[in-house]
A.B. asks: 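One structure is given below, represented as structure tokens, and several questions about it will come after.
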Amino acid sequence: MSKIVVKIPKEDIIYDIHVKANQLDTLAEIIAANDHSNLFIIDDINVDNLYGKVMRNSFLKAGMKSYTYTMPDGENEKNWYRAKEIMDAAFEKGLDRKSAFIAFGGGVVGDLVGFISSLYMRGIDYYQVPTTLIAQVDSCIGGKTAVNHKKGKNLIGSFYHPRAVFSDTTLLSSLPKRELISGLSEVVKYAVISDIELFNFLDDHYQYLLNENQNDLYHKIVARCCEIKAEIVEKDEKDHGLRRFLNFGHTIGHGLESSSRGLLNHGEAVAIGMVLASKISVDLGMLKSKEKDRIEKLLSKLGLPTKANEFNLQEVIRYIEYDKKKVDGSFNFVLPSSIGVMNSKLVKVDKAHLLKILEKN
Ligand SMILES: NC(=O)c1ccc[n+]([C@@H]2O[C@H](COP(=O)([O-])OP(=O)(O)OC[C@H]3O[C@@H](n4cnc5c(N)ncnc54)[C@H](O)[C@@H]3O)[C@@H](O)[C@H]2O)c1
């Protein structure tokens with residue numbers, strides 16, 4: 001079991017991330033100590049079918065009243081209408097200021113429930129119980145909550161931290177392979193932005209990561225990524241400086257993801273984005289070519305794409321421009337200067353350079 005503490009002293013925020021195998025059964029005991037009037041579990045249909053019963057029993061055993069709202073799965077559900085429906089249901093069940101929401105699912109449920117929790121009765125407690133690799137290493141930490149708008153992803157949201165996080169790494173065993181691999185892309189991102197040892201560890205163990213029963217490996221990886229993100233968020237909660245490093249690979253990645261209309265998932269698009277951003281860094285004389293090759297090879301060994309095959313160049317550029325990353329005709333990028341170390345400043349990349357990188361990819 002690992003416990004990572006997230007601290008934001010300026011805001012008087014402190015909470016624990018419990019990384020532990022088989023903890024669905026016991027997490028209710030920790031929550032029970034906080035004396036909530038009742039609990040509202042929000043999950044999606046896949047998670048409920050697999051684990052809903054165990055979770056409900058856990059609260060029953062701890063002597064707590066809980067309700068469950070099960071939503072359809074998928075990114076399209078992260079919207080204002082679903083948020084309103086869940087809040088209506090919470091009022092109907094009589095949730096009050098001493099109640100808490102439980103976000104039980106991947107990043108979609110986590111972001112949505114965080115958002116609702118920040119609004120319901122001007123903000124009540126919530127707990128994150130992330131069930132995908134992306135959610136365990138990324139979305140459950142740092143308090144960014146959101147719903148999507150038709151103008152774009154995550155455009156409506158708040159910063160609102162959970163009371164605690166419970167990451168049960170055994171839940172990852174039921175993830176579809178493609179979802180797991182997508183999460184590994186974010187793990188590589190953490191390694192490149194701040195931890196050469198994690199990078200070497202992934203390189204040494206890549207062949208086991210897609211096998212069954214790799215709980216010990218995932219425990220180590222999830223705990224280390226949580227530590228890295230917790231350190232970054234502690235220094236820059238509201239995304240003004242250091243937290244931007246977490247966007248490595250995401251500028252081009254988001255453009256490719258949006259324009260692929262579902263053909264590339266998030267992690268796949270970010271993997272290509274990281275390779276292309278690394279190429280830019282090599283062009284600018286900041287990253288050694290052999291380090292870029294190592295990043296590309298590791299992503300490929302993990303089963304991630306490193307090239308975008310068919311895409312509409314102008315459309316990708318339009319999405320990148322829309323993504324608020326364009327300033328004075330050039331684009332702001334966070335770029336590595338070696339594996340484990342990022343260039344401390346945002347780097348301006350002009351449109352011609354970006355076009356060339358995308359064309360040649
Ligand atoms: N807030 C943040 O800082 C942050 C960071 C990264 C990503 N995100 C957000 O996270 C979302 C993506 O999250 P995601 O990749 O977890 O997607 P997701 O929540 O849609 O989950 C992916 C799929 O896996 C299924 N699933 C979940 N857990 C499972 C399990 N244990 N076994 C089997 N199936 C399971 C879900 O039902 C769903 O079909 C995006 O909306 C993104 O914007 C937020």
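For ligands, and for the atoms within them, numbers begin at 1 and follow the listed sequence.
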A.B. asks: I need the atoms of ligand 1 closer than 4.0 Å to a non-hydrogen atom of K229, numbered in the order shown.
C.D. replies: 3 (O)
A.B. asks: Run the side-chain hydrogen bond (donor to acceptor under 3.5 Å, both in side chains) test on T169 and N215 for me, step by step, so that the C-alpha distance in whole Å, both residues' side-chain angles and the decisive distance to 0.1 Å come before the verdict.
C.D. replies: CA-CA 6 Å; T169 42; N215 199 53; 3.0 Å; yes
A.B. asks: So, the side chain of Y160 versus the backbone of I124: is there a donor-acceptor pair under 3.5 Å, distance only?
C.D. replies: yes
A.B. asks: Just one of E315, E310, E75 clears the salt bridge (charged side-chain N to carboxylate O under 4.0 Å, His left out) bar with R261, so which one?
C.D. replies: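 Of the listed options, the one satisfying the test is E315.
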A.B. asks: In terms of atom number and element, which parts of ligand 1 are under 4.0 angstrom from non-hydrogen atoms of T132?
C.D. replies: 14 (P), 16 (O), 21 (O), 27 (C), 28 (N)
A.B. asks: Applying a 4.0 Å heavy-atom criterion (strictly less than), which segment of V47 is in contact with ligand 1: side chain, backbone, both, or neither?
C.D. replies: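 Looking at V47 and ligand 1, just side chain atoms fall under 4.0 Å.
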A.B. asks: Would you say OH of Y208 has more than 12 non-hydrogen atoms from neighbouring residues, nucleotides or ligands within 6.0 angstrom?
C.D. replies: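 Check fails, neighbour count at 12 or below.
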A.B. asks: Show me which atoms of ligand 1 lie under 4.0 Å from any heavy atom of K153.
C.D. replies: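 Near K153, the atoms of ligand 1 are 40 (C), 41 (O), 42 (C), 43 (O).
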A.B. asks: With heavy-atom distances below 4.0 Å as the criterion, list the atoms of ligand 1 near K144.
C.D. replies: 1 (N), 3 (O)
A.B. asks: Which atoms of ligand 1 sit under 4.0 Å from any heavy atom of D111?
C.D. replies: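 So the answer, numbered in order with elements, is 1 (N), 2 (C), 8 (N), 9 (C), 43 (O), 44 (C).
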A.B. asks: I need the atoms of ligand 1 closer than 4.0 Å to a non-hydrogen atom of I134, numbered in the order shown.
C.D. replies: 7 (C), 15 (O)
A.B. asks: Record the part of L175 in heavy-atom contact with ligand 1 below 4.0 Å; permitted values are side chain, backbone, both and neither.
C.D. replies: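 Contact part for L175 vs ligand 1: both backbone and side chain.
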A.B. asks: Would you mind running through ligand 1 and noting each atom that sits below 4.0 Å from a heavy atom of D44?
C.D. replies: 36 (C), 37 (O)
A.B. asks: Any idea which atoms of ligand 1 are less than 4.0 Å away from a heavy-atom of L50?
C.D. replies: 32 (N), 33 (C)
A.B. asks: Does Q214 reach the main-chain N or O of E212 with its side chain, forming a donor-acceptor pair under 3.5 Å?
C.D. replies: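 Yes, Q214 side chain to E212 backbone: donor-acceptor pair under 3.5 Å.
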A.B. asks: For atom 38 (C) of ligand 1, find the nearest protein heavy atom and state the residue, atom name and distance (0.1 Å precision).
C.D. replies: D73 OD2, 3.7 Å
A.B. asks: Between F40 and K93, is there a cation-pi geometry (under 6.0 Å to ring centre, at most 45° from the normal)?
C.D. replies: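 No.
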A.B. asks: Please state which option from G107, S174, S182 has its nearest heavy atom closest to atom 33 (C) of ligand 1.
C.D. replies: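 Among G107, S174, S182, the closest heavy atom to atom 33 (C) of ligand 1 comes from S174.
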A.B. asks: What protein heavy atom lies closest to atom 6 (C) of ligand 1? Include the residue and the distance to one decimal.
C.D. replies: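 Checking every protein heavy atom, the shortest distance to atom 6 (C) of ligand 1 gives D138 OD2, 3.5 Å.
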A.B. asks: What part of H266 sits under 4.0 Å from ligand 1 if we count only heavy atoms: the side chain, the backbone, both or neither?
C.D. replies: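 Looking at H266 and ligand 1, no heavy atom falls under 4.0 Å.
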A.B. asks: Report yes if some N/O of V108 lies less than 3.5 Å from some N/O of ligand 1; otherwise report no.
C.D. replies: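 In this structure, V108 places an N or O atom under 3.5 Å from an N or O of ligand 1.
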A.B. asks: Check each of N309, L264, I252 against I272 using the side-chain contact (heavy atoms from CB on, under 4.5 Å) test, and report the only one that passes.
C.D. replies: L264
A.B. asks: Could you tell me the residue and atom name of the protein heavy atom closest to atom 28 (N) of ligand 1, and the distance to it rounded to 0.1 Å?
C.D. replies: T131 OG1, 2.8 Å
A.B. asks: Evaluate whether atom CG of D88 has more than 12 neighbouring non-hydrogen atoms of other residues, nucleotides or ligands under 6.0 angstrom away.
C.D. replies: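 Yes, because the 6.0 Å sphere around CG of D88 holds more than 12 heavy atoms from other groups.
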A.B. asks: Closest non-hydrogen protein atom to atom 25 (C) of ligand 1, residue and atom name please, with distance?
C.D. replies: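 Atom 25 (C) of ligand 1 sits closest to the protein heavy atom N46 ND2, 4.1 Å.
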A.B. asks: Does the side chain of E257 pick up a donor-acceptor pair with the side chain of Y319 at under 3.5 Å?
C.D. replies: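 Checked: E257/Y319 side chains show no N/O donor-acceptor pair below 3.5 Å.
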A.B. asks: Among protein heavy atoms, which lies nearest atom 2 (C) of ligand 1, and at what distance?
C.D. replies: S139 CA, 3.5 Å
A.B. asks: Is there a chain of hydrophobic side chains (I, L, V, M, F, W, Y, each step under 4.5 Å between heavy atoms) that links Y67 to V47?
C.D. replies: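 In one cluster: no.
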A.B. asks: Y120 side chain to F101 main-chain N or O, any donor-acceptor pair under 3.5 Å?
C.D. replies: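 No; judged by distance alone, with no hydrogens or angles, the pair does not exist.
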A.B. asks: What protein heavy atom is closest to atom 41 (O) of ligand 1, reported as residue, atom name and distance in Å?
C.D. replies: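 Closest protein heavy atom to atom 41 (O) of ligand 1: E75 OE1, 2.6 Å.
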A.B. asks: Select one of side chain, backbone, both or neither to describe which atoms of K78 lie under 4.0 Å from any atom of ligand 1, heavy atoms only.
C.D. replies: side chain
A.B. asks: Ignoring hydrogens and geometry beyond distance, is a side-chain donor-acceptor pair present between K150 and N79 at under 3.5 Å?
C.D. replies: no
A.B. asks: Does the separation of the ring centres of H353 and F333 fall below 6.0 angstrom?
C.D. replies: no
A.B. asks: How long is the gap from CD1 on I339 to CG on L298, to the nearest 0.5 Å?
C.D. replies: 8.5 Å
A.B. asks: If you measure every N or O of Y51 against every N or O of ligand 1, does any of those distances drop under 3.5 Å?
C.D. replies: no
A.B. asks: Could you tell me whether N154 approaches ligand 1 through its side chain, its backbone, both or neither, with non-hydrogen atoms closer than 4.0 Å?
C.D. replies: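 The part of N154 near ligand 1 is the side chain, not the backbone.
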A.B. asks: Tell me whether L171 has any N or O atom under 3.5 angstrom from an N or O of ligand 1.
C.D. replies: yes
